[in-house]
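Heads up: the structure comes next, in structure tokens.
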Amino acid sequence: QVQLVESGGGLVQAGGSLRLSCAASGRTFTNYAMGWFRRAPGKEREFIAAISWTGGNTWYADSVRGRFAVSRDNAKATVYLQMDSLKPEDTAVYYCARERGSRTPFVVVTTNPDFTDWGQGTQVTVSS
């Protein structure tokens, strides 16, 4: 099991930026793809970004593509989500999670996601 702790959320005006961090501890972090998700009030959880275990591949949902960027620093066991051009509809609790399988092919990670070890989430609120 990997313990994940998200941070970096807060209140920002529309058009602003935030950088979320997801610090991992426990099980080896480097062999797993990582994902970012969000849940807005009254809505289902949304899969918004993923990064391969090598860091060489990334994927984004249409709702955030071009505005958000995921990255990882395996030496620091941390995954980041840079969020730019934020919109009020980005308001949600943001979570990171670990892909269940070690070194899962990235095409599988994005088409048949199976994530585990969820963090506690960090609130992002974007005011208009």
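To the nearest 0.5 Å, the span separating CG on Leu4 from CZ on Phe115 amounts to 11.0 Å. Ser52 contributes atom OG, which lies 15.0 Å from atom OH of Tyr32 (distance to the nearest 0.5 angstrom). To the nearest 0.5 Å, the span separating OG1 on Thr125 from CG on Asp90 amounts to 11.0 Å. Atom CD of Glu89 is separated from atom OG1 of Thr91 by 8.5 Å, given to the nearest 0.5 angstrom. Put simply, CZ on Arg98 and CD on Gln3 are 10.0 Å apart, with the number rounded to the nearest 0.5 Å.
Within 6.0 Å of CD on Gln13 lie no more than 12 heavy atoms contributed by other residues, nucleotides or ligands.
Here the closest non-hydrogen pair linking Gly9 and Val124 is CA-CG2, 4.1 Å. The minimum heavy-atom distance between Ala92 and Arg38, with the atom names listed, is CB-CB, 3.8 Å.
Between Arg100 and Asp114, at least one side-chain N (NZ, or NE/NH1/NH2) sits under 4.0 Å from a carboxylate O, which counts as a salt bridge. For the pair Arg65 and Asp62, the salt-bridge criterion is met [side-chain N within less than 4.0 Å of a carboxylate O].
Less than 6.0 angstrom separates the ring centroid of Phe47 from the ring centroid of Phe37.
Exactly one residue among Thr54, Val79, Thr30 makes a side chain to side chain contact (heavy atoms under 4.5 Å, CB included) with Asn74. That residue is Thr30.
Panel note: side chain Tyr94, backbone Gly8; no donor-acceptor pair is recorded below 3.5 Å. Within the 3.5 Å criterion, the main-chain N or O of Ser21 finds no donor-acceptor partner in the side chain of Glu6.
Through side-chain heavy atoms spaced under 4.5 Å, either directly or across other Ile, Leu, Val, Met, Phe, Trp or Tyr residues, Val107 is tied to Val108.
Identified under the salt bridge (charged side-chain N to carboxylate O under 4.0 Å, His left out) test for residues 69-79, with sequence neighbours left out: none.
A donor-acceptor contact closer than 3.5 angstrom links the side chains of Ser63 and Glu46.
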